[in-house]
*Asks:* 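Dropping a structure here in structure tokens format, bear with me for questions.
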Amino acid sequence: MKATGLRLGGQQIWLPLLAGDTAQIIAIIGGGGKSSLLYYLARMIRKSGRKVIISLTTKMFHPDEADHQVLFANSTDSLLQAARNDGPGLITVAAGIDPADSRKLIGLPPEWFSEAVQSASDVVFLIEADGSAGRSLKGYLPHEPVIPSATSLVIPVVGMDVLGKPLVEDFVHRATVAAGLSRWPIGAAIVPDLIVTLLLSPAGYRKDCPPGAKTVFFLNKTESADRYLAAETIAAAVLAADSSVQGVVAGSVFADQFTFWPSFTNERE
């Protein structure tokens, strides 16, 4: 059985997946375009009329967009105060500047978001909850990712530009960890089956996902026919193996083109 891919505009695909009538937490993990997706979705949510706060639980680069404001919080109360800020443009809330690298922001404790979401009515907390050192695929250490317990949606990201590349540190963050988890040898060519193994593993991209959270995988940089066919293969395998996954999206944030494969359960509904 194979899911049918729906080729639609970004708003038609993403807004229904992000929909919610109350405050919610959306965590983005993985590599290959997390920050690009974060800002893309934040602008989309804001344009739809909802309040959105960008934040992080690990580290991320300081945004340099002209319409972006960075605020700092040292408690749940100050996070809530930032969430009530009605200033123009996007708002990112962080704990501070990384003393080891002034280009980066330091994240907030995950429990602050789980506390804040109970009081911040109709706010979407859009969180970068992982690091990948700029790589499109990664292996996970025990302390990763850092996802708040009250998260309602987790979006694991893979950059499809990693296909065909060797499984080495130049292309895969913590390649040795990824190799051990997937049982692929170091240096092997990265193929769809390897990506599927990492996506589905409870020690990989499914690690520490809260029991009540939905999962939508995003295969970014799907910008050619070959990558689309690979994405189709990955989507079919993931959805056949795990009925709890809400769906798989493939496409390009920069091109604003996407295909959505809903879960078989959603198709039947």
*Asks:* Is any side-chain heavy atom of Val124 closer than 4.5 Å to one of Leu41?
*Replies:*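 A side-chain contact is absent here, since even the closest heavy-atom pair is not under 4.5 Å.
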*Asks:* Hey, does the side chain of Ser78 reach the backbone of Ser75 with a donor-acceptor pair shorter than 3.5 angstrom?
*Replies:*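 Flag set: sc Ser78 to bb Ser75 pair under 3.5 Å.
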*Asks:* If you measure from CD1 on Ile147 to OG1 on Thr58, what distance do you get to the nearest 0.5 Å?
*Replies:*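 Here the rounded value is 10.5 Å.
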*Asks:* So, for Tyr40 and Phe258, is the gap between ring centers shorter than 6.0 Å?
*Replies:*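 Yes.
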*Asks:* Okay, side chain of Arg135, backbone of Ala133: is any donor-acceptor separation there less than 3.5 Å?
*Replies:*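 Checked: pair present.
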*Asks:* Rounded to the nearest 0.5 Å, how far does CD1 of Ile195 lie from CG of Leu200?
*Replies:*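 Answer for the CG-CD1 pair, Leu200 versus Ile195, is 12.0 Å.
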*Asks:* Honestly curious: do Ile106 and Val70 fall in one hydrophobic cluster under the side-chain, below-4.5 Å linking rule?
*Replies:*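 Hydrophobic grouping puts Ile106 apart from Val70.
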*Asks:* Using a 4.5 Å cut-off on heavy atoms from C-beta on, say whether the side chain of Pro192 contacts that of Leu163.
*Replies:*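 Result yes, sub-4.5 Å side-chain heavy-atom pair found.
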*Asks:* Side-chain heavy atoms under 4.5 angstrom apart, residues restricted to Ile, Leu, Val, Met, Phe, Trp, Tyr: same cluster for Ile186 and Leu137?
*Replies:*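 Same cluster.
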*Asks:* Go through the structure and list residues passing salt bridge (Lys or Arg N to Asp or Glu O under 4.0 Å) with Asp208, not counting sequence neighbours.
*Replies:*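 Asp208 satisfies salt bridge (Lys or Arg N to Asp or Glu O under 4.0 Å) with no other residue.
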*Asks:* OG1/Thr222 to CE/Met160 distance, rounded to the nearest 0.5 angstrom?
*Replies:*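 Interatomic distance, Thr222 OG1 to Met160 CE, rounded to 0.5 Å: 4.5 Å.
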*Asks:* Taking all atoms of both residues into account, what is the closest heavy-atom pair of Ala116 and Thr76, and its distance?
*Replies:*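 It is N-CG2, 3.9 Å.
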*Asks:* Just to verify, what does Glu169 make a salt bridge (Lys or Arg N to Asp or Glu O under 4.0 Å) with, not counting sequence neighbours?
*Replies:*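 Result, salt bridge (Lys or Arg N to Asp or Glu O under 4.0 Å) vs Glu169: none returned.
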*Asks:* Got a salt bridge between Arg206 and Asp242, using NZ or NE/NH1/NH2 to carboxylate O under 4.0 Å?
*Replies:*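 Yes.
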*Asks:* Could you check whether any side-chain N or O of Ser152 sits under 3.5 Å from a backbone N or O of Ala213, counting only pairs where one atom can act as donor and the other as acceptor?
*Replies:*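 Not confirmed, Ser152 side chain does not pair with Ala213 backbone.
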*Asks:* Hey, does the side chain of Ser201 reach the backbone of Leu198 with a donor-acceptor pair shorter than 3.5 angstrom?
*Replies:*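 Checked: no pair found.
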*Asks:* Pairs under 3.5 angstrom only: tabulate donor-acceptor contacts from the side chains of residues 87-95 to other protein residues two or more places apart or in another chain.
*Replies:*
| unit_1 | atom_1 | unit_2 | atom_2 | d |
| --- | --- | --- | --- | --- |
| Thr92 | OG1 | His68 | NE2 | 2.5 |

*Asks:* Which heavy atom in Ser132 sits nearest to a heavy atom in Lys138, and how many Å separate them?
*Replies:*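 So the minimum-distance heavy-atom pair works out to CB-CD, 4.4 Å.
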*Asks:* Between Thr57 and Val146 (side chain of the first, backbone of the second, donor and acceptor by atom type, cut-off under 3.5 Å), is there such a pair?
*Replies:*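 Present.
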*Asks:* Please name all residues satisfying salt bridge (Lys or Arg N to Asp or Glu O under 4.0 Å) with Arg227, sequence neighbours left out, ordered by chain then number.
*Replies:*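 Once residues adjacent in sequence are excluded, the partners of Arg227 under the salt bridge (Lys or Arg N to Asp or Glu O under 4.0 Å) criterion are Glu223.
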*Asks:* Is it the case that atom NZ in Lys214 sees more than 12 heavy atoms from other parts of the structure closer than 6.0 Å?
*Replies:*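 Not more than 12 within 6.0 Å, no.
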*Asks:* Might you work through the side chain to side chain contact (heavy atoms under 4.5 Å, CB included) test for Tyr39 and Val253, ending with a clear yes or no?
*Replies:* CA-CA 10 Å; Tyr39 300 134; Val253 170; over 6 Å; no
*Asks:* Do Trp14 and Phe218 have their ring centres less than 6.0 Å from each other?
*Replies:*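 Yes, the ring of Trp14 comes within the 6.0 Å limit of the ring of Phe218, centre to centre.
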*Asks:* Might you point out which heavy atoms bring Cys209 and Val154 nearest each other, and give the distance in Å?
*Replies:*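 Closest approach of Cys209 to Val154: SG-CG1, 4.1 Å.
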*Asks:* Can you list the residues that meet the salt bridge (Lys or Arg N to Asp or Glu O under 4.0 Å) rule with Asp77, with sequence neighbours excluded?
*Replies:*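 For Asp77 there are no salt bridge (Lys or Arg N to Asp or Glu O under 4.0 Å) partners, ignoring immediate neighbours.
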*Asks:* Tell me if a side-chain donor or acceptor on Tyr205 pairs with a main-chain N or O of Thr197 at a distance below 3.5 Å.
*Replies:*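 Pair absent, no side-chain N/O of Tyr205 close to backbone of Thr197.
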*Asks:* In the structure I gave you, are the side-chain heavy atoms of Val238 and Trp261 within less than 4.5 Å of one another anywhere?
*Replies:*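 A side-chain contact under 4.5 Å is absent here.
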*Asks:* Answer yes or no: are there more than 12 heavy-atom neighbours, outside Lys51 itself, under 6.0 Å from its atom NZ?
*Replies:*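 For Lys51, atom NZ is crowded (more than 12 foreign heavy atoms under 6.0 Å).
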*Asks:* What's the separation between atom CD in Gln246 and atom CG in Leu239, rounded to the nearest 0.5 Å?
*Replies:*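 Rounded to the nearest 0.5 Å, the CD-CG separation comes to 10.0 Å.
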*Asks:* Quick one: closest heavy-atom pair of Leu105 and Pro63, and the distance?
*Replies:*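 Result for this residue pair: CD1-CD, 3.9 Å.
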*Asks:* Could you measure the distance from the CG atom of Leu219 to the CD atom of Glu232? Nearest 0.5 Å is fine.
*Replies:*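 Here the interatomic distance stands at 11.5 Å.
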*Asks:* What is the ring orientation for Phe125 with Phe113, classed by angle as parallel under 30°, tilted 30 to 60°, or perpendicular over 60°?
*Replies:*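 Judged by the thresholds at 30° and 60°, the geometry between Phe125 and Phe113 is perpendicular.
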*Asks:* Return all side-chain donor-acceptor pairs below 3.5 angstrom for residues 173-181, not counting sequence neighbours, or 'none' if the list is empty.
*Replies:*
| unit_1 | atom_1 | unit_2 | atom_2 | d |
| --- | --- | --- | --- | --- |
| Arg174 | NH1 | Glu144 | OE1 | 2.7 |
| Arg174 | NH1 | Glu144 | OE2 | 2.9 |

*Asks:* Tell me, do Leu199 and Val248 make a side-chain contact under 4.5 Å, heavy atoms counted?
*Replies:*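 Side chain of Leu199 against side chain of Val248, heavy atoms only: no contact under 4.5 Å found.
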*Asks:* Considering non-hydrogen atoms only, spot the tightest contact between Ile97 and Phe72 and give its length.
*Replies:*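 Closest pair (atom of Ile97, atom of Phe72, distance): CD1-CZ, 3.9 Å.
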*Asks:* Answer yes or no: is there a donor N or O on one side and an acceptor on the other, between the side chain of Asp130 and the main chain of Pro145, under 3.5 Å?
*Replies:*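 Not at all, since once roles are kept as given, no pair shorter than 3.5 Å links the two residues.
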*Asks:* Does atom CD of Gln81 have more than 12 heavy-atom neighbours from other groups under 6.0 Å away?
*Replies:*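 No.
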*Asks:* Side chain to side chain donor-acceptor pair (under 3.5 Å) for Ser114 and Ser149? Distances and angles first, verdict last.
*Replies:* CA-CA 6 Å; Ser114 297; Ser149 60; 3.2 Å; yes
*Asks:* Has the side chain of Lys34 got a donor or acceptor atom that lies under 3.5 Å from a matching backbone atom of Ala129?
*Replies:*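 No; zero donor-acceptor contacts below 3.5 Å.
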*Asks:* Rounded to the nearest 0.5 Å, how far does OG1 of Thr259 lie from OH of Tyr228?
*Replies:*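 Here the interatomic distance stands at 4.5 Å.
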*Asks:* Hey, any chance Phe61 and Ile54 share a hydrophobic cluster, counting ILVMFWY side chains that come within less than 4.5 Å of each other, even indirectly?
*Replies:*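 No: no chain of side-chain contacts under 4.5 Å links Phe61 to Ile54.
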*Asks:* Looking at His62, Lys104, Lys59, which hits side-chain hydrogen bond (donor to acceptor under 3.5 Å, both in side chains) with Asp98?
*Replies:*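 For Asp98, the side-chain hydrogen bond (donor to acceptor under 3.5 Å, both in side chains) check succeeds only for Lys59.
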*Asks:* With the 4.5 Å side-chain cut-off for hydrophobic clustering, are Val52 and Leu80 part of the same group?
*Replies:*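 In one cluster with Val52: Leu80, no.
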*Asks:* Quick one: closest heavy-atom pair of Leu18 and Arg50, and the distance?
*Replies:*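 Shortest heavy-atom contact: O-NH1, 4.1 Å.
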